[in-house]
Amino acid sequence: MSEKAIELDRVVKTFKQGFKPRFRALDEVSFSVVEGEAFGFVGQNGAGKSTAIKILTGALRQDGGAARLFGVDVADFRSRRGLGYVPENPWLYDYLTPLEILRMGVVAQGIALDGAELDRHCMQWLERFSIAAVAHKRTRSFSKGMVQRTALAHAMACRPRLLILDEPLSGLDPLGRRDVVDILVEYRQGGGTVFFSSHVLHDVERLADRFGLIHKGRLHTVQRPSDLGGGDEVLSVRTVGIAPVVGMQADVADRWSAQVPASQLWPLLDAARAAGHTVIEIKPALSLERAFLKFVSDLDRSN
Ligand SMILES: Nc1ncnc2c1ncn2[C@@H]1O[C@H](COP(=O)(O)OP(=O)(O)OP(=O)(O)O)[C@@H](O)[C@H]1O
């Protein structure tokens, strides 16, 4: 059986709020991530994602429950051996260069590399994250995206067995996001474990085997992205044809579209065919992003 890389067991974290009673940023949150898995932690701003990550990385102490990395309590610094962590807003020593930062991290992790070999190893990772051109520049003048890339290169260069990433793609442009997704996919194929937070469901769809949805400090569901997006509630149908079809709206240049409940799909297709239309697309009308928003608004309504 695979080892649990991450385990949260009824974790509670409260914060003081002026004169108001302490509020629960995490309310009995339990889940686990097994070795080799990619797990996305999703939720809106303020849901509790960073708080959970800070507990896992030892930056915050929980008020109740237990948190473990590879079976070791997070209160024990040894739990963080082999952990690669990139916070939401990475902080780098801004008088150091990316190469120096990577060298320092690799040595601190006790990886047996030095001299030219160490530099080659670090430069490879800087190249992977398209930051090699500024490898010898102090990070002081770096943009958010460059800081993010350097921090990710640092985490990967340390050969982590577990990566914990807080909004890893948030500061990156679309090409940068694609590069990082490719690198993470490759890392997974090599057996690595990834736990990442995101409020962008598209990232979760691309990266995660499973995701946990946290809302106002409570973990509401753990599912596969395909479970959320699938659903058969509403389908979007597009056709091309001349004659009108009841239930379809005219778009441009003889193209027609409709959104129908799944149960109405076949009657609509029959009508479209009878009118001489050709079907060009049928897909779920709700994207993952919209499905997520619906999920959250349903939760809010039921509370
Ligand atoms: N040190 C703190 N003191 C008081 N309240 C805090 C503290 N840290 C977080 N909170 C509150 O706890 C709740 C959860 O915050 P957290 O940063 O974990 O959310 P998040 O899901 O990571 O959001 P985001 O996507 O905006 O980063 C929020 O209401 C936040 O204001």
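In what follows, residues are counted from 1 in the order of the sequence shown. In listed order, ligands and their atoms are each counted from 1.
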**Prompt:** Angle class for the Phe31/Phe39 ring planes (parallel below 30°, perpendicular above 60°, tilted otherwise)?
**Reply:** parallel
**Request:** Distance to 0.1 Å, residue and atom name: give those for the protein heavy atom nearest to atom 28 (C) of ligand 1.
**Result:** Gly46 O, 3.7 Å
**Asked** How close does the nearest protein non-hydrogen atom get to atom 17 (O) of ligand 1, and which residue and atom is it?
**Response** Ser50 CB, 3.6 Å
**Message:** Tell me whether Leu163 shares a hydrophobic cluster with Leu102, the cluster being built from Ile, Leu, Val, Met, Phe, Trp, Tyr side chains joined at under 4.5 Å.
**Reply:** yes
**Asked** If you count the atoms of ligand 1 from 1 in the order shown, which ones are under 4.0 Å from a heavy atom of Asn45?
**Response** 23 (O), 24 (P), 25 (O), 26 (O)
**Asked** Using 30° and 60° as the class limits, which term best fits the ring planes of Tyr93 and Trp91: parallel, tilted or perpendicular?
**Response** perpendicular
**Message:** Give me the residue, atom name and distance of the protein heavy atom closest to atom 25 (O) of ligand 1.
**Reply:** Lys49 NZ, 2.9 Å
**Request:** May I ask you to check whether over 12 heavy atoms, not counting those of Arg140, lie within 6.0 Å of atom CZ?
**Result:** yes
**Complete:** ligand 1 to Phe23, heavy atom cutoff 4.0 Å, flagged ligand atoms 11 (C), 12 (O), 13 (C), 29 (O)
**Request:** Could you check atom 16 (P) of ligand 1 against the protein and tell me its nearest heavy-atom contact, residue, atom and distance included?
**Result:** Thr51 OG1, 3.6 Å
**Asked** Strictly under 4.0 Å, does any heavy atom of Lys54 approach an atom of ligand 1?
**Response** no
**Fill in**
for atom 1 (N) of ligand 1, nearest protein heavy atom and its distance come out as Phe15 CE2, 3.5 Å
N/O donor to acceptor pairs below 3.5 angstrom from side-chain atoms of residues 273-280, sequence neighbours left out:
{"from": "Arg273", "atom 1": "NH2", "to": "Asp270", "atom 2": "OD1", "distance (Å)": "3.0"}
{"from": "His277", "atom 1": "ND1", "to": "Thr239", "atom 2": "OG1", "distance (Å)": "2.9"}
{"from": "His277", "atom 1": "NE2", "to": "Ala243", "atom 2": "O", "distance (Å)": "2.6"}

**Request:** For residues Val180 and Phe129, determine if any side-chain heavy atom of one lies less than 4.5 Å from a side-chain heavy atom of the other.
**Result:** yes
**Fill in**
So the atoms of ligand 1 within less than 4.0 Å of a heavy atom of Ala47 turn out to be 19 (O), 20 (P), 21 (O)
Distance-only donor-acceptor pairs under 3.5 Å for side chains of residues 246-255, two or more places apart:
{"from": "Asp251", "atom 1": "OD1", "to": "Ser257", "atom 2": "OG", "distance (Å)": "3.4"}
{"from": "Asp251", "atom 1": "OD2", "to": "Ser257", "atom 2": "OG", "distance (Å)": "3.1"}

**Request:** Could you list which atoms of ligand 1 come closer than 4.0 Å to a heavy atom of Glu88?
**Result:** 27 (O)
**Asked** Do any non-hydrogen protein atoms sit less than 4.0 Å from atom 31 (O) of ligand 1?
**Response** no
**Asked** Run the side-chain contact (heavy atoms from CB on, under 4.5 Å) check on His220 and Arg218 step by step: do they pass?
**Response** CA-CA 6 Å; His220 285 275; Arg218 303 187 80 169; 3.8 Å; yes
**Numbered atoms and elements of ligand 1 in range of Gln44, under 4.0 angstrom, heavy atoms** = 21 (O)
**Message:** In this structure, does ligand 1 have an atom that sits under 4.0 Å from one of the heavy atoms of Gly48?
**Reply:** yes
